[in-house]
Number of protein chains: 2
Amino acid sequence: MPPQTGNRPGRTIRSVKIAFNIIEVLKDQNDVGVTELANELGHSKSTIHSHLRTLEEIEILVREGDGYRLSLQILDMANHVRDHAGNYEVVQNEVESLVEETGEIAHFGIEEYGQVAYLCKATGEQAVETASRVGTRQPMYSTSLGKAILAYLPDSHQEAIVDTMEFVSKTPKTISSREELYAELDRIAEQGYALDDEENIEGLRCVAAPVRNGPKVLGAISISGPSSRFTDERLHGELSDSVLRAANVIELNTKFS
Amino acid sequence: MPPQTGNRPGRTIRSVKIAFNIIEVLKDQNDVGVTELANELGHSKSTIHSHLRTLEEIEILVREGDGYRLSLQILDMANHVRDHAGNYEVVQNEVESLVEETGEIAHFGIEEYGQVAYLCKATGEQAVETASRVGTRQPMYSTSLGKAILAYLPDSHQEAIVDTMEFVSKTPKTISSREELYAELDRIAEQGYALDDEENIEGLRCVAAPVRNGPKVLGAISISGPSSRFTDERLHGELSDSVLRAANVIELNTKFS
DNA sequence: TAAACCTGTTCCCGAGAGGGGAACCGATGA
DNA sequence: TCATCGGTTCCCCTCTCGGGAACAGGTTTA
């Protein structure tokens, strides 16, 4: 099975998409009713109605007030996802210990659909609050996590991902071309860790180290903080040391999988 | 909109159910392929195939190794669910502070589909490990959380739930009839908190207090521990005091919603 | 080396699923 | 009392989508 990034067409099922559109809407707004959903999604009331019935029967949705909300079954699903996505206990532990060491923000992310998805996060006392949430995704070229992962992916997979990239500049420093990215990836492969120098969010710098298991890249772990505290010296010194150590701990504890 | 407990028929959509069956299977086992799913669910390979395509396109599933797994998008959904399900921050806080006080296990649960669903959980140092997981459900009649909630639900809603109950004895002490339950609910309504005296798990006792907002019951909060440490005296003394206090804190912080 | 066998994938067909429109009903409120 | 707005039901007609079968690629077996 080849690594899949671009969207292959093939047959696709309409009603399932409708169902997930409903879920998507319900994710953000509670207490939405049939009529409102019908308008928002451009379907007839009867269609939405039978979908809601179905989702209610599967116990994914719950009626509440005058509308629906997602049921706690989602939380159970989330637990399973975490359990299956590598060695969650260890990862969470290391992310937290990074925070204890530094007082900043730490993340662990994996590649999904050509982007980095955050698997866990911890924030320290003095941490700058970023909008990152567990489960959300960011471009790989503008984050230290993404670049760290990308740099160690097998060539074919790396290329497949880069090919689908559209370089959107989130700050003046964001990498904006394939060539620039490849050059950066070479540098990362050499030094063993990746930086993000205000490339994703103005004023925010990060260091990330890849977590590997043999030839496979499982993900990456990072620390982020304000440029004022994240000087070049610290980035290339204690901070990179910290993430490398954390990555190593995870690797050692994952040898079995 | 009346409180819904029994399953009303109405039109229901087949393909959506199939899709969620797939997800259900994938929740427990990773690396399942088309053929295996087809056999397990009793559908043709082509059917499963197009479903997988669809779920992959919506980015709910990810190919990994030679099979599929659920994507981290589920984690994002879970975050939203928590955010919407009442004042999660405060609840989690109180659950944790109960654990700090007692060193045992604390839960917060809400009613869903006539059962109690755990919204959060914290375990202390000396806690007995129970199988309870966030997002999973338990019968209301055999748990302190369930009984606490039930006792304070409006009569119509209470009755609707009780009507659908099938009393399964999980231990010799489990409540096993409607009459017994109603008697117990009266007692609870009087004393303000609910007990579970080895009714759900042998050797485990729990105290729970309802969390209310005006006339509405938002859920309940509980402490659980081994019968050896949870004497009658402590249950009706410090432990019930603790859960009542915790419930009260949550109530005060939820006045706005 | 070929044959048997296992995947995942594609193609096509026909039944019935499901999307939509319109009528209906119950609650709210003017 | 009537108008309005929500959810629900009913029915029809189309086109979706489930299934069977053939195909393709990789791996094991003889």
Side-chain angles (χ1 to χ4, degrees), chain A residues 1-26 29-58 60-69 154 156-157 160, chain B residues 1-26 29-58 60-69 154 156-157 160:
Chain A
M1 210 178 278
Q4 219 68 2
T5 316
N7 278 358
R8 203 74 55 75
R11 236 256 290 268
T12 194
I13 287 156
R14 193 143 93 104
S15 18
V16 174
K17 285 190 186 175
I18 297 179
F20 277 93
N21 283 333
I22 293 179
I23 291 179
E24 189 66 21
V25 174
L26 253 32
Q29 325 165 27
N30 260 353
D31 271 4
V32 188
V34 177
T35 313
E36 199 176 340
L37 278 165
N39 293 336
E40 193 141 342
L41 298 174
H43 288 284
S44 71
K45 282 200 292 176
S46 57
T47 300
I48 300 294
H49 186 70
S50 11
H51 273 276
L52 289 174
R53 271 275 169 74
T54 311
L55 294 173
E56 200 185 342
E57 192 178 301
I58 326 182
I60 289 290
L61 294 188
V62 181
R63 288 185 179 206
E64 196 164 84
D66 28 37
Y68 290 84
R69 65 165 177 79
S156 64
H157 195 170
Chain B
M1 209 179 278
Q4 219 67 4
T5 316
N7 278 357
R8 201 76 54 75
R11 237 253 291 271
T12 193
I13 286 156
R14 193 143 92 103
S15 20
V16 174
K17 286 191 186 174
I18 298 178
F20 276 93
N21 283 334
I22 293 179
I23 290 178
E24 190 65 23
V25 174
L26 253 32
Q29 326 164 26
N30 260 353
D31 270 5
V32 188
V34 177
T35 313
E36 199 176 339
L37 279 165
N39 293 335
E40 193 141 345
L41 298 174
H43 287 285
S44 71
K45 283 200 293 176
S46 57
T47 300
I48 300 295
H49 188 71
S50 15
H51 273 277
L52 289 174
R53 271 273 169 73
T54 312
L55 294 173
E56 200 185 342
E57 191 178 300
I58 326 179
I60 290 290
L61 294 188
V62 181
R63 289 187 178 204
E64 196 164 86
D66 27 36
Y68 289 84
R69 65 166 178 79
S156 63
H157 195 171

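Lettering of chains follows the sequences in order, A, B, ..., and the numbering in each one begins at 1.
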Out of dG18(D), dT8(D), dT9(C), whichever nucleotide has its closest atom nearest the side chain of Arg14(B): dG18(D)
Measure from [atom1] on [X] to [atom2] on [N] and round the result to the nearest Å.
| X | N | atom1 | atom2 | answer |
| --- | --- | --- | --- | --- |
| Asp66(B) | dG25(D) | CG | P | 19 Å |
| Glu36(B) | dT9(C) | CD | P | 15 Å |
| Ile13(A) | dC15(D) | CD1 | C1' | 14 Å |
| Tyr68(A) | dG6(D) | OH | P | 15 Å |
| Asn39(B) | dG18(D) | CG | P | 17 Å |
| His49(B) | dC23(D) | NE2 | C1' | 13 Å |
| Leu52(A) | dG18(C) | CG | C1' | 15 Å |
| Arg63(B) | dT7(C) | CZ | C1' | 13 Å |

Pair of N/O donor and acceptor under 3.5 Å linking dG19(C) base with Arg11(B) side chain: yes
Base dG19(D) paired with Ser46(B) side chain (donor-acceptor, <3.5 Å): yes
Sugar-phosphate, base or nothing in reach of Thr47(B), heavy atoms under 4.0 Å: base
Sugar-phosphate only, base, or nothing, as touched by Thr35(B) at under 4.0 Å among non-hydrogen atoms: sugar-phosphate
Side chain proximity check, His51(B) to His43(B), heavy atoms < 4.5 angstrom: no
Ser15(A) vs Lys45(A), nearer the 5' end of DNA chain C by closest nucleotide: Ser15(A)
Residue whose nearest DNA chain D nucleotide is more 5′ - His51(B) or Gly33(A): Gly33(A)
Toward the 5' end of DNA chain D, by each residue's nearest nucleotide, Ser50(B) or Val32(A): Val32(A)
Rounded to the nearest 0.5 Å, how far apart are [atom1] of [X] and [atom2] of [Y]?
| X | Y | atom1 | atom2 | result |
| --- | --- | --- | --- | --- |
| Glu64(A) | Asp31(A) | CD | CG | 7.0 Å |
| Thr12(A) | Glu57(B) | OG1 | CD | 4.5 Å |
| Ile22(A) | Ile48(A) | CD1 | CD1 | 4.0 Å |
| Leu41(B) | Thr47(B) | CG | OG1 | 10.5 Å |

